[in-house]
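First the structure, in the form of structure tokens, and then the observations on it.
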Amino acid sequence: MKNKTFTLFVLASLSLFLIECQKSVQTDKDTQATLIAGIFGSCFSLDSCFDQYTKSTDEGASFQVFDQDGSRIYARQSVLDFNTYKPIASGSKWVTAITAMRVIDCNTNSGTYAQCGTVTTGTCNNGAVGGAISLSRTTAQVLGWTGTYANVTLRQLLSFTSGLNAGGSSGAGQASCISTLPVGASSTEKDSCVNNIRDQSTGTPGALYQYNSNHMAVAQRMLEVSCNKTWDTLFSQLIVTPLGWDASQAIWRGNSRGGTDTDGSLSGAYGLSISPEHYARMLNALLTNGTAKNSVGANITNFLSTTSVTEILADQYNGAKIGYSQFSAFGYRWQYGLGNWRFCTVTDVPAECDRDLISHSIGINGFYPWLDKNRNYMAILAVNNIGRKNGLSLLPASSTSLFFAETVRPLIHSQIGR
């Protein structure tokens, strides 16, 4: 049922883009033919599916599959190496959610949770009203907000149900200040940006799910104020150092599409560059209920609490309805956890959704990490399609990656025997 629904989604996407797309991009006729063949044709092995897919990519691609203990059981690459750092667009959202939960865990008990750096027990209890950082902490308690958005919680910010829809009443878009903050932005400049998001918004907290970058920008500022540390410091100590990421390349950028560098401390929804091999070390913690991997492949136990893993992957709508989702236009009504989509057959009944749940955080450039807890494996399709070759006049990069994943999942399931 899920595969059939997805096929309809792809066909609807194709029809819409063939008829309506106005964006002019450089395309390759052979590549467009490959895309069409991929949609209407078939492949019969992981290798052949991947090789067919890479013909449509701008910079090559890589694909990896990992079993229940984080061991890599399949790997293939074309031009783009497993260790090559590239922008991951909305793949960043999962990283931001995991960073937030690491802050909460380490602030609760830094003696229990691994490699907390200076985020020790009780050090993230700051704000307008003192109290330990948690998913239930509000913008009033931390940022001193008043009015309509005073009771927005960190949970609502990480699940995009806060009502902060600056940039458009539909909920799409983002406040321009997120991408234009100067490098090394001051607390005053960041406060001005999140206050601008608040003051331009018209949504009702908790009422609608609206997919945009504003929510996570405010969440990042809440974490900074709570811990009296910059986002870069929190990210470096809680993610980069324990996972052995390259600090010179694992960088957040507000202007992630190039040009003048801007500050990335509010770009948690889209701004990170990372390699798929390094991303897998982090994603392993969600697959194994809290155990990440370091640079030599050794386990980092208690990287996340089991409670944090559950919260990240759980349905967080809590009665909210879809206000804006780029997929709902095609009738595909995925719901959301903390920083990740919940892809399943029965989307609006969490217990039913959990039965065939695939958790993912796909990027507009096609970067596609996913996690299947029911079958105990994870996979990462790494690609950076930005429109030079892949025929965006036909399909966005995210759609071609989704189609690839739906094509290869049965092959993966056959290989792992479940």
Side-chain angles (χ1 to χ4, degrees), residues 6 9 12-13 16-17 87-98 100 149 152-179 194 197-198 200-220 254 256-257 266-272 312-344 347-348 350 353 357-370 395-399 401-402:
F6 184 82
F9 159 70
S13 302
L16 181 68
F17 277 89
I88 61 171
S90 286
S92 305
K93 292 177 172 69
W94 233 343
V95 183
T96 298
I98 289 172
Y149 300 103
V152 167
T153 64
L154 183 60
R155 181 188 301 277
Q156 290 173 326
L157 292 166
L158 294 174
S159 61
F160 300 174
T161 61
S162 71
L164 295 172
N165 59 359
S169 59
S170 69
Q174 68 180 48
S176 61
C177 62
I178 294 174
S179 61
V194 297
I197 291 171
R198 176 197 63 201
Q200 290 186 22
S201 293
T202 60
T204 300
L208 295 176
Y209 170 87
Q210 295 177 308
Y211 190 77
N212 66 49
S213 302
N214 301 312
H215 315 273
M216 282 193 162
V218 178
Q220 288 174 281
S256 62
R257 296 186 178 184
L266 300 183
S267 67
Y270 65 87
L272 182 64
I312 289 168
L313 301 179
D315 189 302
Q316 298 287 349
Y317 266 36
N318 293 318
K321 305 298 182 184
I322 294 176
Y324 169 73
S325 160
Q326 68 270 47
F327 300 107
S328 65
F330 306 110
Y332 214 75
R333 303 185 68 81
W334 294 337
Q335 299 200 169
Y336 212 69
L338 302 179
N340 66 108
W341 294 99
R342 287 171 52 85
F343 178 14
C344 58
T347 59
D348 59 348
C353 181
L357 174 64
I358 293 169
S359 306
H360 74 83
S361 189
I362 192 166
I364 195 172
N365 63 349
F367 180 84
Y368 188 20
W370 80 82
L395 285 174
S398 55
S399 292
S401 293
L402 284 163

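Only heavy atoms go into these numbers, but all of them, side chains included; no hydrogens, no water, no symmetry mates. Model, not experiment: these values are computed from the prediction.
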Tyr317: ring pair (Phe, Tyr, Trp, His ring centres under 6.0 Å) partners, not counting sequence neighbours:
Tyr209
Nearest 0.5 Å please: distance from the CG atom of Asn212 over to the CD atom of Gln174.
8.0 Å
All salt bridge (Lys or Arg N to Asp or Glu O under 4.0 Å) counterparts of Arg342, not counting sequence neighbours
Asp315, Asp354
Roughly how far, to the nearest 0.5 Å, is the OG atom of Ser401 from the OH atom of Tyr368?
9.0 Å
Residues which pass side chain to side chain contact (heavy atoms under 4.5 Å, CB included) with Ala89, listed by chain and number, not counting sequence neighbours:
Ile364, Asn365
Between the side chains of Tyr211 and Ser90, does any donor sit under 3.5 Å from an acceptor?
yes
Which atoms form the tightest heavy-atom contact between Ala269 and Ser92, and what is the distance?
C-CB, 4.2 Å
Hey, mind stepping through Leu402 and Ile362 against side-chain contact (heavy atoms from CB on, under 4.5 Å) and telling me if it holds?
CA-CA 8 Å; Leu402 284 163; Ile362 192 166; 3.5 Å; yes
Taking atom CG of Leu272 and atom CD1 of Ile88, what is their separation to the nearest 0.5 Å?
4.5 Å
Donor + acceptor pair across side chains of Gln316, Ser159 (<3.5 Å):
no
Report yes if some heavy atom in the side chain of Leu158 is under 4.5 Å from a heavy atom in the side chain of Met216; otherwise report no.
yes
Grab the two heavy atoms, one from Ala97 and one from Ile312, that are nearest each other, plus how far apart they are.
O-CD1, 4.4 Å
Test His360 against every option in Trp370, Trp334, Tyr336 by the ring-ring contact (aromatic ring centres under 6.0 Å, His included) rule and name the one that passes.
Trp334
To the nearest 0.5 Å, how far apart are CH2 in Trp341 and OG in Ser361?
9.5 Å
To check you understand the geometry: which heavy-atom pair defines the closest contact between His215 and Leu157, and what is its length?
CB-O, 3.0 Å
Side chains of Val152 and Arg198: does their closest heavy-atom pair fall under 4.5 Å?
no
Going from NZ on Lys93 to CG on Asn340, what distance comes out if it is rounded to the nearest 0.5 angstrom?
11.5 Å
If the condition is side chain to side chain donor-acceptor pair (under 3.5 Å), which residues does Ser267 pass it with, not counting sequence neighbours?
none
List for me each residue that meets ring pair (Phe, Tyr, Trp, His ring centres under 6.0 Å) alongside Tyr270, sequence neighbours excluded, and say none if there are none.
none
Using side chain to side chain contact (heavy atoms under 4.5 Å, CB included) as the criterion, list what pairs up with Ser201, not counting sequence neighbours.
Tyr149, Leu164, Asn165, Ala166, Ile197
Between OG1 on residue Thr96 and CG on residue Leu338, distance to nearest 0.5 Å:
11.5 Å
If every non-hydrogen atom of Gly203 is compared with every non-hydrogen atom of Pro205, which pair is closest and at what distance?
O-CD, 3.7 Å
